[in-house]
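Only this structure's heavy atoms are used, side chains among them; waters, hydrogens and symmetry mates stay out.
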Amino acid sequence: MTGLPRIPERWRRPDAALWYAPLALLILAASFLPGFRNNGTELGGLPNRPFDALAVVAIALQCLPLAGRRRWPVICFAAVSLGFALDQLRGYHTLAGTALPIALISVASFVEHHRRTTAIAISAAYIPLAVALHRLGPGDPPSEFVTFYLAVALAWGVGVWLRNTRAVEAERRRRVAEETRTAERTRIARELHDVVTHHVTAMVVQAEAARYLTAAPDRLDQSLTAVTDTGRRAITDLRHLLDLLNPDHSTQAAPPPVGGLLTLVEQTRRAGQPVEFTEEGAPAELSGSADLVAYRVVQESLTNALKYAHGSATSVRVRHCEREITVEVSTDRSSSKAAPTGGSGRGLAGLRERVDVLGGDFSAGRQPDGGFTVRVRIPAGSPS
């Protein structure tokens, strides 16, 4: 039973002889049918000759090499051309002559190197055949040989078109694959930025505060405990993020942790940031990526509040509706002149990209009183 899946896999291989062998056998069998004898390609006007042993050789040379036209296109065309020349010079005019344009298409389509030299060699080889047929035949006008050459050149053009089409498709697939990899790297970098920046910022602020609590052991213990808890949450989040690199991991974005917004607020409060938190409504059952984006908006906004307005009053308002989620995070006048949009540029810019992908609205900027406000509207039910 283990060998059964290999059969369709072999048929899907572009270089498998199974694709071409039936065509070769079909033309070979049809060439011997009484209705098709002496009714094939006729070049030069030589009288028809009954089939003999050489006719069998000519038919075999034209048909059987087609089975290897993908892997050995030049050798295949050489054998088919030899059979075709024998077919025409002897006056068999078999149906197998139709294999010539097929083999020529293969040459134009699959030959990788010296393609121009190959085309010139094929054209040069046609001249002595045309001269020999003109002398042996009743003297057909040269226009007949020119017409045949143009028809064969058309087959070459078809092969070139197939080759170019394959190249364009391969380039398109390469470009799509590269864009997909870039988008995935950007998504992972954005997640990594959100997770690491938030937790590390909280740990740094908590550790800095612990330096001034040496005279108060109880408060020092609480501060160090908060640092430890933040570090553990950072490790957990990083493990979830690294799971994205697992090939077996689902491409769907992981939902935010249960009670994640309240946990973010409590963590920020322990870092010394006064935060007022208000949440209205309940998350929809099928909110898609909206909940995760709302979580990241709050996370990034609180991180910026810790970095640029530490100690300033901050408010977080989240409202869950049936069709959308609105988030507003406001911080009073910053104690630092640095703009929250500084740093790596992945913070608020990354949030804007997330919201735009879901068709929402994003705004962030300073208020007249010097504070900073982030407002977001995210349609619920958007796909991940």
Side-chain angles (χ1 to χ4, degrees), residues 10-33 36 39-44 55-90 92-130 132-133 143-174:
R10 289 185 63 189
W11 278 87
R12 286 194 297 266
R13 288 170 48 197
D15 59 339
L18 289 174
W19 281 108
Y20 315 120
L23 177 63
L25 294 177
L26 178 63
I27 299 177
L28 178 69
S31 298
F32 289 101
L33 294 178
F36 290 102
N39 288 324
T41 304
E42 181 178 340
L43 182 63
V56 176
V57 173
I59 293 174
L61 283 174
Q62 293 177 89
C63 297
L64 297 182
L66 291 181
R69 73 186 187 97
R70 169 63 179 86
R71 185 169 298 180
W72 306 288
V74 176
I75 297 177
C76 168
F77 180 77
V80 172
S81 299
L82 182 61
F84 180 80
L86 180 61
D87 185 310
Q88 298 303 313
L89 291 172
R90 294 282 293 176
Y92 299 127
H93 305 145
T94 66
L95 184 66
T98 56
L100 183 69
I102 297 175
L104 188 59
I105 290 175
S106 301
V107 173
S109 179
F110 298 124
V111 169
E112 297 292 340
H113 306 290
H114 310 294
R115 301 178 67 249
R116 181 176 299 179
T117 302
T118 302
I120 295 175
I122 293 173
S123 300
Y126 175 70
I127 296 176
L129 175 62
L133 291 174
S143 59
E144 178 182 353
F145 298 97
V146 174
T147 301
F148 181 81
Y149 178 82
L150 294 177
V152 172
L154 178 62
W156 178 272
V158 171
V160 171
W161 175 79
L162 290 175
R163 177 185 178 84
N164 293 338
T165 301
R166 267 201 324 273
V168 170
E169 177 64 17
E171 175 62 22
R172 186 191 69 81
R173 292 182 178 181
R174 185 201 64 78

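A distance of 8.5 Å separates OH of Tyr92 from CG of Asp87, quoted to the nearest 0.5 Å. In this structure, OG1 on Thr94 lies 4.5 Å from CD1 on Ile59, to the nearest 0.5 angstrom. Interatomic distance, OG of Ser109 versus CG of Asn164, reported as 9.0 Å (0.5 Å rounding).
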Please assess Phe110 against Leu162 for the test side chain to side chain contact (heavy atoms under 4.5 Å, CB included), listing each intermediate value before the final yes or no.
CA-CA 9 Å; Phe110 298 124; Leu162 290 175; over 6 Å; no

Walk me through it: do Tyr126 and Ile122 pass the test side chain to side chain contact (heavy atoms under 4.5 Å, CB included)?
CA-CA 6 Å; Tyr126 175 70; Ile122 293 173; 6.0 Å; no

I'd like to know whether Phe32 forms a side chain to side chain contact (heavy atoms under 4.5 Å, CB included) with Val56, so could you lay out the CA-CA distance, the side-chain angles of the two residues, the decisive distance to 0.1 Å, and finally the verdict.
CA-CA 9 Å; Phe32 289 101; Val56 176; 4.0 Å; yes

CA sep, side-chain torsions, deciding dist, call: Val80, Arg69, side chain to side chain contact (heavy atoms under 4.5 Å, CB included)
CA-CA 10 Å; Val80 172; Arg69 73 186 187 97; over 6 Å; no

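For the pair Ser31 (side chain) and Ala96 (backbone), a donor-acceptor distance under 3.5 Å is present. With Gln62 contributing its side chain and Ala58 its backbone, the two residues share a donor-acceptor pair below 3.5 Å.
With sequence neighbours left out, the salt bridge (charged side-chain N to carboxylate O under 4.0 Å, His left out) criterion links Arg116 to no other residue.
When all heavy atoms are compared, the tightest approach of Cys63 to Ile27 is SG-CG2, 3.6 Å. Residues Ala124 and Pro128 approach most closely at O-CD, 3.1 Å, considering heavy atoms. The two atoms that bring Pro65 and Cys76 nearest to each other are O-SG, 3.2 Å, heavy atoms only. What you find for Ile105 and Ala155 is that their closest heavy atoms are CG1-O, 3.2 Å. Across Gly83 and Leu61, no two heavy atoms sit closer than the pair CA-CB, 3.7 Å. Of all non-hydrogen atoms in Leu66 and Ala24, the two that sit nearest each other are CB-CB, 4.0 Å.
Taking the side chain as every heavy atom from C-beta outward, Thr41 and Gln88 approach each other to under 4.5 Å. Looking only at side-chain heavy atoms (C-beta outward), Leu129 and Phe145 stay at 4.5 Å or farther from each other. Arg115 places a side-chain heavy atom less than 4.5 Å from the side chain of Val160. In this structure the side chain of Phe77 never reaches within 4.5 angstrom of the side chain of Thr118, judged on heavy atoms.
The pair Arg166-Glu169 does not count as a salt bridge, with every side-chain nitrogen at least 4.0 angstrom from each carboxylate oxygen.
Under the salt bridge (charged side-chain N to carboxylate O under 4.0 Å, His left out) criterion, the residue pairs touching residues 146-163 are Glu112-Arg163, with sequence neighbours excluded.
Side-chain N/O atoms of Ser123 and Tyr149 include a donor and acceptor closer than 3.5 Å.
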